[in-house]
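Report on the structure given below.
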Protein chains: 2
Amino acid sequence: MAAYTLPKKIAARQHEITADFLMVIDRHLADLLAGRVTEMYEIRDIADELHIHPTHLSNTIKLTTGQAPCYFFEEKIMTIARSMLTDPQQSVASIAAILTFDPSNFTKFFKRFQGVTPKQYREEYWRAEREKTEMLTI
Amino acid sequence: MAAYTLPKKIAARQHEITADFLMVIDRHLADLLAGRVTEMYEIRDIADELHIHPTHLSNTIKLTTGQAPCYFFEEKIMTIARSMLTDPQQSVASIAAILTFDPSNFTKFFKRFQGVTPKQYREEYWRAEREKTEMLTI
DNA sequence: TTAAACGGAAACTGTCACCATAGCCTAACC
DNA sequence: GGTTAGGCTATGGTGACAGTTTCCGTTTAA
């Protein structure tokens with residue numbers, strides 16, 4: 001009997017793929033923000049990096065999470081976009097550029113998920129901030 | 001070896017869509033002429049009826065026939081228009097109305113395909129008819 | 001020997017950019 | 001007065017392309 005057994009497989013291959021996928025997009029987005037890359041990954045690029053077929057990636061992510069790969073990618077991009085919009089120094093166009101959108105598409109993309117345009121989102125954010133400050137000073 | 005095989009699929013899904021598309025526009029135009037409907041179908045309406053995406057409809061028709069969906073739609077409308085114009089009772093404007101055009105656009109539409117305006121077409125048609133009759137009476 | 005992993009074709013959904021033109025009005029022309 | 005042309009703008013259709021889903025065939029490992 002072997003005294004040492006391999007650690008029990010916590011995740012099946014499916015979950016390994018899912019975890020790897022999430023790591024890859026996190027790393028890629030970090031690279032994008034740091035300016036180390038300037039092109040947005042496509043699903044094909046991620047599948048290539050994981051050495052599996054794009055269709056198989058799509059199927060596996062959907063199977064383990066109930067959501068398609070794009071969902072997570074887009075969610076993370078939205079989180080970054082919202083965060084950058086709270087910085088009044090950055091123009092909407094420059095944020096769009098960093099996220100590899102052309103300005104027009106960035107607005108469409110953002111509005112589709114957030115319901116409001118980037119500019120509206122920024123304005124509402126600062127209005128809310130001002131109200132908070134007033135609460136303190138009164 | 002199976003003695004009975006299913007009949008070989010003659011038409012792939014693509015051809016099924018194409019056939020259905022042609023049926024739908026035929027039926028719709030018949031409805032229009034009979035006054036059962038007064039609005040011209042758009043590609044979206046046909047796609048809805050076939051339960052597929054408009055883009056997919058467009059791409060599939062183009063793939064199987066080499067022509068875009070509009071081509072067939074417009075061809076059939078032109079056939080109807082030419083036929084109605086041979087009836088001297090119907091004014092050009094009333095024909096336009098039945099085909100859901102405003103008079104000005106109908107002329108433009110007709111000329112684009114036929115090279116001549118509706119009125120010219122009608123006149124040439126009757127001139128040709130008269131010549132035929134003269135041939136007989138001489 | 002069988003169930004998961006994987007490859008891959010085909011059908012389908014969806015977005016975007018481009019542009020021809022329908023729609024609408026006015027004006028000109030038989 | 002019915003027909004046609006001109007001019008403007010909003011928009012529908014298209015073609016290209018990315019992604020998803022379904023389905024099935026192979027391989028692989030237990």
Side-chain angles (χ1 to χ4, degrees), chain A residues 6 9 11-18 21 39-48 50-74 100-109 111-113, chain B residues 9 11-18 21 39-48 50-74 77 85 88-97 99-114 116-123:
Chain A
L6 285 171
K9 245 193 198 165
R13 183 74 241 266
Q14 301 178 0
H15 295 89
E16 187 185 340
I17 289 175
T18 305
F21 167 74
E39 301 265 306
M40 187 66 83
Y41 256 21
E42 292 178 359
I43 294 295
R44 189 190 332 125
D45 300 317
I46 302 170
D48 281 354
L50 301 185
H51 307 294
I52 59 175
H53 196 277
T55 301
H56 187 48
L57 175 61
S58 233
N59 289 339
T60 304
I61 302 292
K62 178 69 184 221
L63 192 65
T64 58
T65 69
Q67 296 290 343
C70 260
Y71 171 80
F72 299 99
F73 213 165
E74 289 167 341
T100 74
F101 287 94
D102 76 275
S104 159
N105 276 332
F106 177 62
T107 296
K108 277 186 209 160
F109 174 84
K111 190 170 181 186
R112 181 153 58 92
F113 286 87
Chain B
K9 243 194 202 168
R13 183 74 241 267
Q14 302 176 359
H15 295 89
E16 188 185 340
I17 289 176
T18 304
F21 166 75
E39 301 265 304
M40 188 65 86
Y41 257 18
E42 292 178 359
I43 295 295
R44 189 189 330 125
D45 300 316
I46 302 169
D48 281 354
L50 302 185
H51 306 295
I52 59 176
H53 197 278
T55 301
H56 187 47
L57 175 61
S58 227
N59 290 341
T60 302
I61 302 291
K62 177 70 184 216
L63 193 65
T64 58
T65 68
Q67 296 289 343
C70 260
Y71 170 80
F72 298 98
F73 213 163
E74 289 167 340
I77 291 172
L85 283 168
Q89 305 296 340
Q90 293 246 44
S91 74
V92 173
S94 72
I95 293 171
L99 297 174
T100 75
F101 288 93
D102 77 276
S104 166
N105 271 332
F106 178 63
T107 296
K108 281 183 208 166
F109 174 85
F110 191 90
K111 189 172 180 182
R112 178 155 61 91
F113 287 88
Q114 201 65 29
V116 297
T117 68
K119 196 184 176 187
Q120 285 171 343
Y121 179 83
R122 164 178 281 168
E123 281 163 359

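Reminder, nothing fancy here: chain letters follow the sequence lines and each chain counts from 1.
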Interface polar pairs with nucleotides 23-30 of chain C, N/O, under 3.5 angstrom:
{"from": "dG23(C)", "atom 1": "N7", "to": "N105(B)", "atom 2": "OD1", "distance (Å)": "3.3"}
{"from": "dG23(C)", "atom 1": "N7", "to": "N105(B)", "atom 2": "ND2", "distance (Å)": "2.9"}

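For the pair E74(B) CD and dG12(D) P, the computed distance is 15 Å after rounding to whole Å. Following rounding to the nearest Å, R44(A) (CZ) and dT20(D) (P) show an atom-to-atom distance of 13 Å. The separation between L63(B) atom CG and dG13(D) atom C1' is 17 Å, rounded to whole Å. Rounded to whole Å, the distance from NE2 on H53(B) to C1' on dG15(D) is 14 Å. Separating the CG atom of L50(B) from the P atom of dA11(C) is a distance of 15 Å, rounded to the nearest angstrom. Distance, I43(A) CD1 to dT20(D) C1': 10 Å, rounded to whole Å. Atom-to-atom, NE2 of H56(A) to C1' of dT21(D) comes out at 15 Å; the value is rounded to the nearest Å. Between the CD1 atom of I61(A) and the C1' atom of dA18(D) there is a distance of 17 Å, given to the nearest Å.
With distances taken from any side-chain atom of T55(A) to the nucleotides dT22(D), dT3(D), dG19(D), the minimum falls on dT22(D). Listed nucleotides: dG19(D), dT4(D), dT22(D). Nearest to the side chain of T107(B): dT4(D). When each of dT4(D), dA11(C), dT14(D) is scored by its nearest atom to the side-chain atoms of P103(B), the top-ranked nucleotide is dT4(D). Set against dG15(D), dA11(C), dT21(C), the side chain of A68(B) has dG15(D) as its closest nucleotide. Counting only heavy atoms from C-beta on, E42(A) has its side chain closest to dG19(D) among dG19(D), dA22(C), dC12(C). Set against dG14(C), dC6(C), dT14(D), the side chain of I17(A) has dC6(C) as its closest nucleotide. Side-chain proximity of V92(B) to the nucleotides dT20(D), dA16(D), dT4(D) is greatest for dT4(D).
At least one side-chain nitrogen or oxygen of K111(B) sits closer than 4.0 Å to the OP1 or OP2 atom of dA5(D). Put simply, R13(B) has no side-chain N or O that comes within less than 4.0 Å of OP1 or OP2 on dA9(C). Of the side-chain N and O atoms in Q14(A), none sit less than 4.0 angstrom from OP1 or OP2 of dA4(C).
When side chains are defined from C-beta on, K108(A) does not count as touching F101(A), because their heavy atoms never get closer than 4.5 Å. Looking at F113(B) and I77(B), their side chains never come closer than 4.5 Å, going by heavy atoms from C-beta outward. Counting heavy atoms from C-beta on, the side chains of R122(B) and I95(B) come closer than 4.5 Å. The closest side-chain heavy-atom distance from F72(A) to T65(A) is below 4.5 Å. F73(A) has its side chain within reach of M40(A): a pair of non-hydrogen atoms, C-beta onward, lies under 4.5 Å apart.
Of the possible polar contacts, none joining the S94(B) side chain to the Q90(B) backbone as a donor-acceptor pair under 3.5 Å is found. Formation of a donor-acceptor pair under 3.5 Å by the N59(B) side chain with backbone atoms of H56(B) is not found in this model.
In terms of polar N and O atoms assigned as donor or acceptor, the side chain of T117(B) never comes within less than 3.5 Å of the base of dT3(D) in a complementary pairing.
P69(A) comes within contact range of the sugar-phosphate backbone alone, with a heavy-atom separation under 4.0 Å but no base atom that close. Counting non-hydrogen atoms under 4.0 angstrom, P54(A) reaches nothing in the nucleic acid.
The OG1 atom of T64(B) sits 8.5 Å away from the CD1 atom of I17(B) when rounded to the nearest 0.5 Å.
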